[in-house]
Amino acid sequence: MKKICTLVFNCAILSLACNHNNKASENNSSGEKKISKRDYSITKQNAYNDLFLDSADLENFILKNKLTDSTSRWMRSFYNTRNYQFAWFSSNGLTEQALGFWSLKNYAGDTSVKNKSLQKTMDDFMADDSLAISSHDKSAINTELLLTENLIKFTKNNFEKGYVKRKELERFVPFKKEDPIYLADSILNKKHKDDKYFS
């Protein structure tokens with residue numbers, strides 16, 4: 001009888017330990033490790049932009065540049081939300097958001113990603129009035145992904161920890177044709193637990 005009680009007790013302890021480990025791993029995966037699902041409802045007809053990336057381009061970029069797990073997850077999540085639509089280029093060249101972010105980054109003196117090659121490429125792109133981009137242009141793809149990496153690092157380095165969350169960052173660059181007033185309102189009126197707003 002004593003052996004049976006000991007066995008039952010050990011099984012109960014083992015079961016509790018397993019449940020605790022499962023809950024701990026669930027908490028980790030529901031925290032920062034969570035990635036937005038790919039939004040297949042975004043098509044060429046309703047997309048904000050007319051160029052789309054191949055998901056393999058992002059994975060190759062992550063491997064080649066040895067990005068941290070955190071930055072890699074944020075980038076995958078960013079492009080899943082967009083259904084791998086370009087954020088910084090259209091077929092007509094740099095988007096308004098790219099020019100705005102690049103100016104802000106340079107104005108703020110952000111050095112989170114020191115890259116002379118990116119600086120030269122951006123200078124060349126901005127100087128070209130007849131710039132036309134295709135979704136197969138390797139230089140544009142690389143610059144697109146570098147700008148997204150810069151956005152993530154800029155956000156993490158220039159805002160209080162947790163102030164700009166992953167899902168909020170994903171909405172900073174439009175991905176669907178929507179009413180701009182609605183989009184601005186949804187960002188500006190987003191309130192954090194500490195009653196702070198983005199504005």
Side-chain angles (χ1 to χ4, degrees), residues 36 39 42 44 46-53 57-58 61 65 67 71 74-135 137-192 196-199:
S36 295
D39 186 351
I42 297 174
K44 290 189 178 191
N46 67 0
Y48 188 80
N49 200 335
D50 61 346
L51 296 177
F52 287 80
L53 285 165
D57 290 327
L58 174 60
F61 178 86
N65 293 287
L67 299 184
T71 301
W74 280 50
M75 286 188 73
R76 287 183 187 108
S77 193
F78 182 83
Y79 284 104
N80 277 347
T81 300
R82 313 179 60 76
N83 197 17
Y84 283 80
Q85 173 188 176
F86 275 63
W88 311 108
F89 289 95
S90 72
S91 56
N92 297 325
L94 290 163
T95 64
E96 187 178 327
Q97 290 77 22
L99 296 172
F101 172 61
W102 192 249
S103 295
L104 171 67
K105 181 177 163 28
N106 289 331
Y107 177 78
D110 182 62
T111 57
S112 58
V113 179
K114 294 178 184 175
N115 189 324
K116 289 181 182 177
S117 174
L118 176 61
Q119 181 70 52
K120 182 181 178 343
T121 302
M122 286 298 290
D123 290 344
D124 291 346
F125 281 148
M126 289 188 291
D128 188 348
D129 291 337
S130 60
L131 183 64
I133 301 291
S134 94
S135 59
D137 183 332
K138 294 293 182 193
S139 177
I141 291 169
N142 190 57
T143 304
E144 164 77 22
L145 296 170
L146 280 169
L147 285 171
T148 302
E149 179 190 3
N150 272 250
L151 173 67
I152 291 165
K153 290 184 176 181
F154 179 84
T155 302
K156 289 182 175 185
N157 291 336
N158 291 286
F159 293 96
E160 294 174 33
K161 187 176 180 179
Y163 187 63
V164 178
K165 304 214 179 334
R166 174 187 50 81
K167 283 194 149 300
E168 295 163 345
L169 177 83
E170 292 164 6
R171 294 195 61 81
F172 284 174
V173 182
F175 48 86
K176 262 188 181 178
K177 292 175 185 167
E178 293 183 295
D179 178 19
I181 301 298
Y182 168 77
L183 287 175
D185 188 58
S186 68
I187 291 172
L188 294 175
N189 289 322
K190 171 71 177 159
K191 195 159 119 176
H192 288 268
K196 289 182 181 177
Y197 290 89
F198 284 112
S199 54

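Computed from a predicted structure; not experimentally measured. When reading the values below, keep in mind they use all heavy atoms of this one structure, side chains included, and skip hydrogens, waters and symmetry mates.
- Listed for the Asp128 side chain is a donor-acceptor partner under 3.5 Å among the backbone atoms of Ser130.
- Residues Arg76 and Ser36 bring no donor and acceptor atom of their side chains to less than 3.5 Å of each other.
- Looking only at atom types and distance, the side chain of Ser90 has no donor-acceptor partner in the side chain of Asn49 under 3.5 Å away.
- With 3.5 Å as the limit, one finds no donor-acceptor pair spanning the side chains of Thr155 and Asn157.
- Using cut-offs of 30° and 60° for the angle between ring planes, the Phe78 and Trp88 rings count as parallel.
- When all heavy atoms are compared, the tightest approach of Phe52 to Ala47 is CZ-CB, 3.7 Å.
- Between Met126 and Leu99, the closest side-chain pair of non-hydrogen atoms falls below 4.5 Å.
- Contact of the Ile141 side chain with the Phe89 side chain is not registered, since no non-hydrogen atoms from C-beta on lie closer than 4.5 Å.
- Note that the CD atom of Gln119 and the CG atom of Leu146 stand 12.0 Å from one another [nearest 0.5 Å].
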Check against side chain to side chain contact (heavy atoms under 4.5 Å, CB included), Glu96 and Phe101
CA-CA 9 Å; Glu96 187 178 327; Phe101 172 61; over 6 Å; no
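- Met122 places a side-chain heavy atom less than 4.5 Å from the side chain of Leu118.
- Atom CZ of Phe86 and atom CG of Leu94 lie 11.5 Å apart (nearest 0.5 Å).
- Between Leu53 and Leu58, every side-chain heavy-atom pair lies at or beyond the 4.5 Å cut-off.
- Under 3.5 Å, the side chains of Tyr79 and Glu144 contain a donor-acceptor pair of N or O atoms.
- In this structure, Lys156 forms a cation-pi arrangement with Trp74, its terminal cationic atom sitting closer than 6.0 Å to the ring centre and no more than 45° off the ring axis.
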Should Glu170 and Ser77 be marked as a side-chain hydrogen bond (donor to acceptor under 3.5 Å, both in side chains) after you check the CA-CA gap, both sets of side-chain angles, and the distance that decides it?
CA-CA 8 Å; Glu170 292 164 6; Ser77 193; 2.4 Å; yes
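- Looking at heavy atoms from C-beta onward, Leu131 lies out of side-chain contact with Asp124 at the 4.5 angstrom threshold.
- Nearest heavy atoms, Met75 versus Phe61: CE-CE2, 3.9 Å.
- In this structure, Ile42 and Thr81 approach most closely via the heavy-atom pair CD1-O, 3.2 Å.
- Nearest heavy atoms, Val173 versus Arg82: O-NH1, 3.0 Å.
- Heavy-atom minimum distance, Asn83 versus Asp39: CB-O, 3.1 Å.
- Atom CD1 of Ile133 is separated from atom CZ of Phe125 by 4.5 Å, given to the nearest 0.5 angstrom.
- Here Asp137 contributes atom CG and Thr143 contributes atom OG1; the two are 8.0 Å apart, rounded to the nearest 0.5 Å.
- For the pair Ser135 and Leu51, the minimum side-chain heavy-atom distance is below 4.5 Å.
- The side-chain heavy atoms of Asp50 and Gln85, taken from C-beta on, include no pair separated by under 4.5 Å.
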